[in-house]
2 protein chains.
Amino acid sequence: MIQIDPRNSSPIYEQIIKQMKELCLKGILKPGEKVPSVRELSSMIVANPNTVSKAYKELEREGVIETLRGRGTFVTETVQIKMNEEKVEMLKEQLKSIVVDAYYAGIKIDDIQNWIKEIEKEIGGKR
Amino acid sequence: MIQIDPRNSSPIYEQIIKQMKELCLKGILKPGEKVPSVRELSSMIVANPNTVSKAYKELEREGVIETLRGRGTFVTETVQIKMNEEKVEMLKEQLKSIVVDAYYAGIKIDDIQNWIKEIEKEIGGKR
DNA sequence: TTACGTGTATTATATAATGTAGTACACCTA
DNA sequence: TAGGTGTACTACATTATATAATACACGTAA
């Protein structure tokens, strides 16, 4: 389910966050469905429970999952979109970086537009 | 010229790399033009020469600038595109993350496509 | 040649992010 | 009550980032 890549330099908790979001958007994890407990997932990926807990807290803050104390953690029934101007600006900056890096890697703008269409097909519209 | 944002959590050397690439693409820094020396820039932005040197080494590795020992550092006359399959895959993954994050921030795919067009107008085609 | 400005390399130190380890607590369900 | 939840806390180790202080090799110009 969640796969941690040790060669990937990004922190374990960020890899969890990224993959969990994708699983929810793709509909592999359905609204209301239970996700692995902190201790379960930590033993599955061989990481510390604290690391998983950190990821879950961020995912809850972003409205992807919600926790019911003593019961477990679940995919939110209805995603609460949190409009956040700071987040929007951050995403724009990240996008600019990608476009610039793409230039020096020999990638054209049209290629990037097509990539987005592919991503949309892969994860879009499932919820 | 180069502006370091202390509130920005990304490392100083990465901020230098990002901004230097943009300055070159926008044509504000022209091919063959001299860029500030390591010591000059480090005093301009109040950082350590080592930090600037680290940024310059990466910029040279990516073909943005080139150094002439004892003379200085200059914007490359002709960008050498370095096709790099790893880099391409990395950029695709970054782009996917942005699209996913955008969903939970209430941003539509079309908005992202339009952002790219804006970025293209801002930096595209100057070199 | 000499003086100066280049980029580069090295070592040491400090701080913060990341991850591990162990323990304890509050809450819910069976 | 017993066991499974998420959560909180402290302590420690490792790594990335940045600073600090030198030193070196090279090119240019006085």
Side-chain angles (χ1 to χ4, degrees), chain A residues 1-20 24 29 32-77 90 97, chain B residues 1-20 24 29 32-77 90 97:
Chain A
M1 187 193 206
I2 304 279
Q3 290 291 338
I4 300 303
D5 180 3
R7 292 168 310 173
N8 190 327
S9 61
S10 63
I12 294 174
Y13 74 95
E14 279 187 10
Q15 293 188 44
I16 296 172
I17 292 170
K18 179 172 188 289
Q19 291 183 44
M20 193 69 80
C24 291
L29 286 176
E33 186 173 347
K34 191 172 183 309
V35 302
S37 76
V38 168
R39 289 173 177 82
E40 269 179 6
L41 183 54
S42 70
S43 67
M44 283 163 62
I45 64 179
V46 191
N48 193 277
N50 293 337
T51 303
V52 177
S53 177
K54 185 173 184 177
Y56 276 19
K57 269 183 279 188
E58 173 62 17
L59 284 166
E60 179 161 30
R61 204 183 63 76
E62 292 195 46
V64 181
I65 61 181
E66 51 194 354
T67 65
L68 299 178
R69 212 187 177 93
R71 292 190 52 203
T73 305
F74 305 84
V75 179
T76 49
E77 289 287 352
M90 206 184 70
S97 286
Chain B
M1 187 189 201
I2 304 279
Q3 291 290 338
I4 301 303
D5 180 2
R7 292 167 311 172
N8 191 326
S9 62
S10 63
I12 294 174
Y13 75 95
E14 280 186 9
Q15 292 188 43
I16 296 171
I17 292 170
K18 179 172 188 290
Q19 292 183 42
M20 193 69 82
C24 291
L29 286 175
E33 186 173 346
K34 192 175 183 306
V35 302
S37 74
V38 169
R39 290 173 179 80
E40 268 179 5
L41 183 53
S42 69
S43 66
M44 283 163 61
I45 63 177
V46 191
N48 194 277
N50 293 338
T51 305
V52 177
S53 178
K54 184 173 183 178
Y56 276 20
K57 269 184 279 187
E58 173 61 18
L59 284 166
E60 179 160 30
R61 205 184 62 78
E62 293 196 45
V64 181
I65 60 180
E66 52 194 354
T67 66
L68 299 177
R69 212 187 177 92
R71 291 190 53 204
T73 307
F74 305 84
V75 179
T76 50
E77 289 287 352
M90 206 182 68
S97 287

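Both backbone and side-chain heavy atoms feed into the values below; hydrogens, waters and symmetry mates do not.
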task: Return the residues of residues 50-60 of chain B meeting this criterion: a heavy atom under 4.0 Å from some atom of DNA chain D. Order them by number, or give none.
output: B/Asn50, B/Thr51, B/Lys54
message: I need the CD1-C1' distance between A/Ile65 and D/dG6, as an integer number of Å.
response: 11 Å
task: Find the distance A/Asn48:CG to D/dA13:P and express it as a whole number of Å.
output: 16 Å
message: Would A/Leu29 and A/Met20 count as a side chain to side chain contact (heavy atoms under 4.5 Å, CB included) here? Give the steps.
response: CA-CA 8 Å; A/Leu29 286 176; A/Met20 193 69 80; 3.5 Å; yes
Does [X] use its side chain to pair, donor to acceptor, with the backbone of [Y] at less than 3.5 Å?
X	Y	answer
A/Ser42	A/Val38	yes
A/Thr73	A/Thr67	no
B/Thr76	B/Gly63	yes

field: Working for side chain to side chain contact (heavy atoms under 4.5 Å, CB included), residues B/Ile16 and B/Leu41
entry: CA-CA 10 Å; B/Ile16 296 171; B/Leu41 183 53; 4.3 Å; yes
- prompt: Pick the nucleotide of DNA chain C nearest each of B/Pro36 and A/Pro11; which residue has the one closer to the 5' end?
  reply: B/Pro36
- prompt: Taking for each residue the nucleotide of DNA chain C bearing the nearest heavy atom, is the 5' side occupied by A/Ala47 or by B/Gly72?
  reply: B/Gly72
query: Would you say a side-chain N or O of A/Ser37 is under 4.0 Å from OP1 or OP2 of D/dG4?
result: no
field: Non-hydrogen atoms of A/Glu66 and A/Glu60 that approach each other most closely
entry: CA-OE2, 3.8 Å
task: Classify every nucleotide of nucleotides 24-30 of chain D by which part a protein heavy atom approaches to under 4.0 Å, writing B for the base, S for the sugar-phosphate alone and - for neither, in 5'-to-3' order.
output: -SBSS--
task: Mind checking the OG1-CD spacing from A/Thr51 to A/Glu14? Nearest 0.5 Å is all I need.
output: 12.0 Å
query: About how many Å separate CD1 of B/Ile12 and CG of B/Asn50, when rounded to the nearest 0.5 Å?
result: 12.0 Å
task: Please work out if B/Glu66 contacts a base, only the sugar-phosphate, or nothing of the nucleic acid, heavy-atom cut-off 4.0 Å.
output: nothing
task: Identify the 5'-most and 3'-most nucleotides of DNA chain C with at least one atom closer than 4.0 Å to a non-hydrogen atom of chain B.
output: C/dG5 to C/dT10
Heavy-atom check, side chain of B/Ile45 versus side chain of B/Val52, under 4.5 Å: yes
message: Is there a side-chain contact between B/Tyr56 and B/Ser37 in this structure, where contact means two heavy atoms from C-beta onward sitting under 4.5 Å apart?
response: no
task: Applying side chain to side chain contact (heavy atoms under 4.5 Å, CB included) between B/Asn8 and each of B/Gln3, B/Gln15, B/Lys18, report the one that passes.
output: B/Gln15
